[in-house]
2 protein chains.
Amino acid sequence: MSDKKVEKCGERCALQEILDVIGGKWSMSIIYALFSGKKRFSELERLIPGINTRMLVKELKNMEANGIITREVFATVPPTVEYTLTTKGEKLEASINELYKWGMEYVA
Amino acid sequence: MSDKKVEKCGERCALQEILDVIGGKWSMSIIYALFSGKKRFSELERLIPGINTRMLVKELKNMEANGIITREVFATVPPTVEYTLTTKGEKLEASINELYKWGMEYVA
DNA sequence: GTAACCACTTTCAAAAGTAAAGTAATGCCT
DNA sequence: AGGCATTACTTTACTTTTGAAAGTGGTTAC
């Protein structure tokens with residue numbers, strides 16, 4: 001009766017968590033961009049070609065809610081916001097690099 | 001002017017390829033199910049709770065087009081169709097297992 | 001004073017996803 | 001012989017998500 005989540009869905013639960021974090025169309029690009037250190041909103045926008053503001057905002061919010069990034073606001077002028085990977089986020093590096101290698105190898 | 005794809009987008013191209021394959025809402029679940037061997041359409045439907053027929057069809061077609069699964073039809077009655085991972089598909093196992101471990105570790 | 005910078009928000013159309021029912025060929029049961 | 005089940009999908013109608021573009025508000029450089 002304890003260990004709820006693991007007991008309840010185990011494998012599939014992990015899968016759900018993963019998909020919620022990296023399943024989105026842009027999440028992986030964002031995480032990838034953040035591997036090289038914290039970034040401001042506009043930096044991310046420039047680093048990820050094709051993304052639009054709305055989606056970047058949404059994904060960042062989702063990632064913050066999922067605990068894989070932190071958002072820090074600076075009362076500068078103009079205002080500055082920095083996004084950083086948490087430990088949980090950083091731990092995705094191995095997985096994403098693996099996927100990445102696969103992608104590089106299999107681009108037809 | 002040659003080596004088009006690599007030259008044109010390099011890193012980002014690999015990312016696109018990856019997302020096209022595992023970025024869809026259900027792709028990873030399907031690939032995961034196929035790691036344990038070929039499956040029929042209805043087996044996949046049963047193995048992946050929550051998916052609907054239309055989406056399963058769509059994802060399978062997409063995966064076939066992406067060369068990560070093969071589709072084999074048997075003229076039995078009722079007809080049987082088997083889906084199998086290609087080598088390209090199988091090569092995703094390491095990456096997905098990595099992600100998987102992450103998911104298991106960080107399910108809050 | 002007006003144009004630009006930053007980090008968003010809003011609006012609306014388009015694309016993607018979901019649910020549920022339908023299709024065609026056959027076999028099994030009664 | 002009629003009806004139901006099985007398999008692998010289609011089709012239709014609908015909801016949700018995403019995308020493109022313009023707008024907001026405070027400040028500062030020109």
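Since the model is a prediction, treat every value here as computed from it, not as a measurement. We use all heavy atoms of the structure for the numbers below, so side chains are in, but hydrogens, waters and symmetry mates are not. Residue numbers begin at 1 in each chain, while the letters A, B, ... track the order of the sequences.
Per the geometry, CE belonging to Met55(A) stands 7 Å off C1' belonging to dT17(D), to the nearest Å. Following rounding to the nearest Å, Leu56(A) (CG) and dA21(D) (P) show an atom-to-atom distance of 17 Å.
Side-chain contact check for Glu45(B) and Thr53(B): at least one donor-acceptor pair (N or O, by modelled atom type) lies under 3.5 Å. Tyr83(B) and Lys38(B) form no side-chain donor-acceptor contact under 3.5 Å, judged by distance and modelled atom types alone.
Here the side chain of Trp102(B) pairs a donor or acceptor atom with the backbone of Lys88(A) at under 3.5 angstrom. Side-chain atoms of Thr80(A) do not come within 3.5 Å of backbone N or O of Phe74(A) as any donor-acceptor pair.
Across all strands, Val77(B) comes closer than 4.0 Å only to sugar-phosphate atoms, never to a base (heavy-atom distances). Contact annotation for Tyr83(B): backbone-only contact, meaning every heavy-atom pair under 4.0 Å involves sugar-phosphate atoms and none involves a base. Within 4.0 Å of Val81(A), counting heavy atoms only, lie sugar-phosphate atoms of the nucleic acid but no base atom. Residue Arg54(B) is classed as a base contact, given a heavy-atom separation below 4.0 Å to a base. Residue Thr76(A) is classed as having no contact, given no heavy-atom separation below 4.0 Å to the nucleic acid.
Classification of the Tyr100(A)-Tyr32(A) ring pair by plane angle, with boundaries at 30° and 60°, yields parallel.
Taking every nucleotide of DNA chain C with any atom under 4.0 Å from a non-hydrogen atom of chain B, the first and last of them, 5' to 3', are dG17(C) to dG27(C).
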### Task
Go through Lys39(A) and Ser42(A) one step at a time and tell me if the side-chain hydrogen bond (donor to acceptor under 3.5 Å, both in side chains) criterion holds.
CA-CA 8 Å; Lys39(A) 300 276 178 301; Ser42(A) 53; over 6 Å; no

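Distance from the side chain of Thr53(B) is smallest to dC9(D) among dG26(D), dC9(D), dT18(D).
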